[in-house]
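Atoms within a ligand are numbered from 1 in the order they appear, just like the ligands themselves. Residues: numbered from 1 along the sequence shown.
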Amino acid sequence: MADIADLQFLLQENFCLTPDQLAAIAESFEQEMLRGLAGQPSSLAMLPSFLTRPSGQEQGTFLAIDFGGTNVRALLVELFGRGRFEVSTQLSRPLVAPGGFYNLIGARATAEDLFGFLARQVADIAPGCRNYPLGLTFSYPCRQTAADNSILISWTKEIQTSGVEGRDVGSLLSEALIRANLAHIRPAVVLNDTVSALLTAAYREPDADIGSICGTGHNTCYLEANPPQEPRPMYINMESGNYDKLPFNRYDIVLDQASDKLGAARLEKMSSGRYIGELLRLVALDASERGLVFRPGPPEFLRQQDSVTGADLALMLSDKSPDLAVIRDWLERKGVRASGAEDRGALRHIAFCVTRRSAQLVAATFAGLLSHIDPARVRRHVIAIDGSLYEKMPGYAGTIQETLTVLLGDFASRISLQLSKDGSGVGAAIAAATLQTGGR
Ligand code: BGC
């Protein structure tokens with residue numbers, strides 16, 4: 001049994017953001033961007049990518065590696081110009097083997113293990129000894145001094161592999177390629193996945209000037225017209241998942257305190273797929289301890305950290321059956337044999353509030369960014385977005401669009417949100433190509 005009215009009050013108090021609060025977040029996000037660009041203390045690192053827009057005419061065959069939080073993908077990409085491309089070969093392998101046979105992202109894995117694994121993917125995909133330019137999409141905050149020099153500032157998404165923080169990931173990959181007898185293949189460029197997603201859209205669509213990932217992690221980049229100390233427009237990786245001028249609720253605080261990097265990645269911890277399952281778990285556990293759901297006491301799985309994933313929330317929100325049979329089966333798999341219909345409804349409602357707030361926060365940061373790049377609100381903008389939340393979470397894309405309308409009024413009709421599916425792999429190939437052609 002559940003006490004729905006009290007649960008709704010709890011959720012309202014902790015997860016509802018008013019239009020005024022969202023507008024204040026948008027405004028303070030823009031201020032934080034300006035501080036970051038000026039080199040002042042800011043939770044937004046505003047990292048230069050040393051990459052600019054593609055012309056759309058880039059052509060050739062390129063190798064790409066996409067190192068995300070869950071899998072490594074290796075791709076052979078053919079660029080045909082005029083925005084057209086084809087992924088001719090691709091393979092994907094998990095960073096943690098399903099049976100636990102290997103784990104490349106735990107504290108016991110070393111840089112050599114991880115980059116050796118990446119090099120083996122290249123060996124499996126690179127036919128013969130052809131020397132294709134290689135682009136590496138590396139989805140973590142890196143300080144760059146050039147397109148091919150990229151020092152990992154610190155891991156995010158709870159990754160712990162040792163010996164990578166503070167080192168140049170391009171060199172780590174180069175050394176691993178030499179060890180794998182692939183010395184002729186050299187990484188030409190290392191780029192963030194947001195930049196990769198944006199490049200993929202910008203290759204065919206000149207108005208694409210914002211790229212974002214709403215998946216395991218969260219982050220946004222954009223085309224800065226006047227980057228500090230650079231003569232021409234450049235993509236800036238904001239590392240916006242680290243943004244921290246936000247109204248934290250008690251669950252955000254508990255989640256942060258139990259995380260690897262206390263006080264870091266605060267927006268990401270409120271919005272990304274790596275953390276929203278844990279937020280639902282914390283709310284459901286608290287609600288159960290207050291006697292609002294799962295009476296007489298919390299089921300065991302709610303006491304285990306990370307026992308609920310972002311994909312579980314997508315499953316809950318897609319359950320349209322009258323008696324929420326999908327959630328009932330999910331609960332059974334979690335060891336709850338006889339769940340009440342109200343408890344299932346409560347879980348679905350918590351999932352709704354947690355994901356809605358995530359999409360609203362992301363949209364508020366987009367609104368702040370748009371006021372920086374287009375203060376007169378006159379141009380058309382394409383926001384290229386990749387990631388499982390944006391692609392698969394029911395209601396997510398709609399809430400971003402709706403929140404942009406609340407915050408930007410008519411200007412929102414000039415903003416087009418586009419899924420940049422698998423953009424994080426193809427963009428690495430486009431980046432390698434723009435370095436040859438000089439971009440636009
Ligand atoms: C990383 C970003 C990345 C984002 C999306 C975050 O955890 O810090 O660099 O773009 O995840 O993958």
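Ring geometry, Phe117 versus Tyr102: the interplanar angle falls from 30° to 60°, so the pair is classed tilted. Relative ring orientation between Trp155 and Tyr140 is described as perpendicular, the plane-to-plane angle rising above 60° on a 0-90° scale split at 30° and 60°.
Closer than 4.0 angstrom to ligand 1 lie heavy atoms from Ser139, Tyr140, Pro141, Thr156, Lys157, Asn192, Asp193, Thr194, Ile213, Gly217, His218, Asn219, Glu239, Glu268.
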Worked check of salt bridge (charged side-chain N to carboxylate O under 4.0 Å, His left out) between Arg356 and Glu402: CA-CA 11 Å; Arg356 185 172 168 76; Glu402 186 189 295; 3.2 Å; yes
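Ion pairing of Asp124 with Arg93 is present here, as a side-chain N (NZ or NE/NH1/NH2) and a carboxylate O approach within less than 4.0 Å.
The side chain to side chain contact (heavy atoms under 4.5 Å, CB included) check on Thr70 picks up Thr216, with sequence neighbours excluded.
No cation-pi contact links Arg266 to Tyr243, judged by a cut-off of 6.0 Å to the six-membered ring centre and 45° from its axis.
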